[in-house]
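All remarks here apply to the structure that follows.
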Amino acid sequence: MRGSAGTEVSFLIKSLLQRLGLDDPAKIHKLRILASSASLPLDGENEGHSLRYLRDLFAPYGTSQGPGDPSTQEPRFWRDCVVPGKPHLDQVPLAKLPRDPFEALVTASDAKNEGLIRNVPRTEQVEAALAKIAAALGLNSGDAEFVRNLSRRAAEILTSACIDGDNVRATSIDRLADKLFGDKGAAKALRGLMLARALPESAGHKADTPVGLPPFRFHGLIRNVEGLFGSVDLGNAGIRVGDLTMERGVSHGKPPSVSDGSLVKRAGTSYMQTDMETLRTFIERHQRLFILTGAGCSTNSGIPDYRDIDGNWKRTQPVRFQAFMADELTRRRYWARSMIGWRRFGQALPNDAHRALAQLEAIGQCQVLLTQNVDRLHQAAGSREVIDLHGRLDLVRCVSCSTERRRADFQDELVRLNAAWVELEAAMLPDGDADLDHLDFTGFAVPACDACGGVVKPDVVFFGENVPRIHVDTAQAHLDRSDGMLIVGSSLMVYSGFRFAQAAASRGIPIAAVNLGRTRADSLLALKVEERCEAALSFLL
Ligand SMILES: [Zn+2]
């Protein structure tokens with residue numbers, strides 16, 4: 001891989017990878033990158049820089065199958081994919097060269113002073129310059145092999161000047177000019193030396209280029225805009241290019257320090273830089289945000305998510321309202337699992353995603369925060385304008401007389417009545433549920449309502465149950481006053497949340513989403529950041 005035509009080359013490499021099936025995680029270990037040492041140094045302080053470059057180039061839009069893929073997470077993964085080349089070079093001792101003949105060769109070859117050399121013609125001035133160059137380099141300009149000999153010698157000199165340590169490096173023009181001509185400003189003379197190397201390729205001095213002779217060129221790099229990258233998708237209608245991102249030099253700036261661990265930290269987010277900056281702009285431009293959050297917001301607080309990145313159920317669906325109301329055994333099973341799960345769920349603390357959204361409200365940009373979560377962690381982080389769309393798990397309510405109780409008090413009673421169950425440890429599921437399906441629940445005691453003896457239910461909206469109308473109407477009223485929608489950590493697979501995205505889209509309110517994986521609203525989004533919520537919103541803290 002060479003650096004200069006990076007965009008085109010990366011497109012070609014990516015489509016090649018897909019055609020070869022090397023984007024399959026099971027085959028990714030077969031991927032090897034032949035590294036030219038000049039453009040991809042893998043030693044010393046440059047190693048982290050190069051590995052991050054490879055990761056950024058290939059992982060997000062090439063070989064990675066998802067955010068959990070090791071090729072996405074760990075730049076070290078790419079170290080094993082690189083086969084560094086060892087150059088075989090004949091190094092020649094460098095003596096200071098005279099500038100004049102080399103500059104004269106350039107002047108004579110650019111008779112119209114275009115700044116562009118199309119040919120090195122056989123003119124008197126050119127031949128005079130070449131004779132002086134021959135003398136300076138100890139060559140015979142009358143020799144039949146002179147053009148080839150000069151080309152070889154110029155290549156040896158240029159190569160030797162580019163050697164740093166035991167390898168060839170891309171070397172700045174200033175440095176080369178200083179090394180070869182004793183003057184950093186001798187760029188024109190350097191150009192003459194490169195012209196001498198290219199002499200067999202010019203129409204005026206046509207000759208066979210000696211086999212294996214390296215070419216040289218000046219690289220002009222605009223470090224801010226290295227290139228436009230995209231994913232190549234082999235669809236039915238031919239190659240499709242999507243997910244275009246601007247590589248803004250995040251991989252080309254100062255190499256990150258490897259020793260203090262910051263490489264790993266930066267590597268996890270660097271390729272999202274562009275998306276995150278766009279998100280920042282989105283948030284800055286919308287002063288009355290309608291914020292809709294889901295389970296992804298709380299995963300970093302230790303509360304698991306219902307769905308995987310494709311929006312599918314990770315396990316069996318949670319209990320449905322109808323089953324809970326109709327069947328006493330279902331209620332016993334629900335409360336047994338809930339009693340075990342509550343111990344950890346009740347202790348969950350807000351994370352940086354909650355804090356970032358609370359901060360957004362503090363600076364006056366939050367019209368309302370509508371959450372599908374029942375964990376109250378937004379309130380714990382300091383958000384005030386919150387609608388708990390699906391209720392709250394810290395309360396229980398009688399379905400007959402609506403008397404409410406703190407869940408913590410109800411928990412104490414559950415524990416008192418079911419001491420034998422307390423020792424059970426189980427994997428925690430969302431909504432404070434625990435995985436105890438294999439047990440017999442007939443002996444589990446569930447307290448009835450103190451006031452009327454009715455069925456007690458957590459104050460959350462079960463699947464199969466309607467969201468309270470008041471929540472929907474209040475949220476709709478806020479949406480009418482909003483100028484942008486921000487979805488954080490929700491796949492919107494549940495209609496009660498999705499309908500607000502639909503409503504925003506129909507009102508022409510732009511929507512941005514932060515979510516790992518697919519959302520039901522993908523086609524409605526103005527911007528999507530596939531990143532962990534707390535990382536994507538970290539700029540707010
Ligand atoms: Zn009651």
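Sorted by first and then second residue, the salt bridge (Lys or Arg N to Asp or Glu O under 4.0 Å) pairs with a member in residues 365-379 read R376-D388, R376-D394; sequence neighbours excluded. Residues in residues 512-541 take part in no ring pair (Phe, Tyr, Trp, His ring centres under 6.0 Å) pair, two or more places apart or across chains. Screening residues 278-299 for ring pair (Phe, Tyr, Trp, His ring centres under 6.0 Å) gives F282-H286, F290-F500 as the qualifying pairs, with residues at least two apart or on separate chains. Applying the side chain to side chain donor-acceptor pair (under 3.5 Å) rule to pairs touching residues 458-476 yields R397-D459, K457-E465, R469-D473, sequence neighbours excluded.
Every residue meeting the side chain to side chain contact (heavy atoms under 4.5 Å, CB included) condition with Q359, not counting sequence neighbours, appears here in chain and number order: A362, I363. Not counting sequence neighbours, the partners of A505 by the side chain to side chain contact (heavy atoms under 4.5 Å, CB included) test are I511, L524. A search for side-chain hydrogen bond (donor to acceptor under 3.5 Å, both in side chains) contacts involving E361 returns nothing, not counting sequence neighbours. For the side chain to side chain contact (heavy atoms under 4.5 Å, CB included) test, residues two or more places apart in sequence or in another chain that qualify with S496 are L389, H390, V467, V494, R499. Considering only residues two or more places apart in sequence or on other chains, H378 meets the ring pair (Phe, Tyr, Trp, His ring centres under 6.0 Å) condition with H354. Contacts of A513 classified as side chain to side chain contact (heavy atoms under 4.5 Å, CB included), with partners at least two apart in sequence or in another chain: I487, L525. With sequence neighbours excluded, no residue forms a ring pair (Phe, Tyr, Trp, His ring centres under 6.0 Å) with H478.
The two atoms that bring P458 and L393 nearest to each other are CB-CD1, 4.0 Å, heavy atoms only. Across all non-hydrogen atoms, the minimal contact from A358 to A381 is CB-O, 3.5 Å. Closest of all the heavy-atom pairs between F324 and V456 is CZ-O, 3.7 Å. In this structure, N351 and C297 approach most closely via the heavy-atom pair ND2-O, 3.0 Å. When all heavy atoms are compared, the tightest approach of P510 to D483 is CD-O, 3.5 Å. In terms of heavy-atom proximity, L279 sits nearest to A512 at CD1-CB, 4.3 Å.
Under the 3.5 Å distance criterion, with hydrogens and angles disregarded, a donor-acceptor pair is assigned to the side chains of Q372 and S490. Inspection of the S491 and T519 side chains reveals no N or O donor paired with an N or O acceptor under 3.5 Å.
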Next on the checklist: The test is side chain to side chain contact (heavy atoms under 4.5 Å, CB included); show your working for C401 and C449 and say whether it passes.
Outcome noted: CA-CA 9 Å; C401 72; C449 171; 3.7 Å; yes

Item to check | Audit row: Y334, F462, ring pair (Phe, Tyr, Trp, His ring centres under 6.0 Å) steps and yes/no | outcome: CA-CA 12 Å; Y334 175 86; F462 274 15; 5.3 Å; yes

Checklist entry - Given K528 and D522, is the side chain to side chain contact (heavy atoms under 4.5 Å, CB included) satisfied, shown in steps? => result CA-CA 8 Å; K528 181 165 177 195; D522 275 357; 3.0 Å; yes

Next on the checklist: Using side chain to side chain contact (heavy atoms under 4.5 Å, CB included), reason through L369 and T371 one step at a time and then give a plain yes or no.
Outcome noted: CA-CA 6 Å; L369 194 160; T371 185; 3.9 Å; yes

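One distance of note links CG of L486 with SG of C366; it measures 9.5 Å at 0.5 Å rounding. Distance check, rounded to the nearest 0.5 Å: CZ of F444 to CH2 of W335 gives 9.0 Å. In this structure, CZ on R481 lies 10.0 Å from CG on L479, to the nearest 0.5 angstrom. One distance of note links OG1 of T293 with CG of N515; it measures 11.5 Å at 0.5 Å rounding. Taken from CG in L540 to CG in L357, the straight-line distance is 7.5 Å, to the nearest 0.5 Å. Residue I303 holds its CD1 atom at 7.5 Å from CG of N373, rounded to the nearest 0.5 Å.
The environment of CZ in R285 is sparse: at most 12 heavy-atom neighbours from other residues, nucleotides or ligands sit within 6.0 Å. Atom CZ of R507 is surrounded by more than 12 heavy atoms from other residues, nucleotides or ligands within 6.0 Å.
Here the side chains of D450 and T403 are not in contact, with every heavy-atom distance at 4.5 Å or above. Side-chain contact check for L289 versus L360: some heavy-atom pair is nearer than 4.5 Å.
Proximity of a side-chain donor or acceptor of Q365 to a complementary backbone N or O of I283 within less than 3.5 Å is detected. Proximity of a side-chain donor or acceptor of D352 to a complementary backbone N or O of E534 within less than 3.5 Å is not detected. Panel note: side chain S298, backbone S301; no donor-acceptor pair is recorded below 3.5 Å. Remark: side-chain polar atoms of R532 are not paired, donor with acceptor, to backbone N or O of L516 under 3.5 angstrom.
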Using atom types as modelled, flag every donor-acceptor pair under 3.5 Å from a side chain in residues 408-416 to any protein atom, sequence neighbours excluded.
from, atom 1, to, atom 2, distance (Å)
D409, OD1, R406, NH1, 3.1
Q411, OE1, R407, NH1, 2.7
Q411, OE1, R407, NH2, 3.2
Q411, NE2, M339, O, 3.0
E413, OE1, R405, NH1, 2.9
E413, OE1, R405, NH2, 2.8

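Judged by the 6.0 Å and 45° rule, R320 forms no cation-pi pair with F463.
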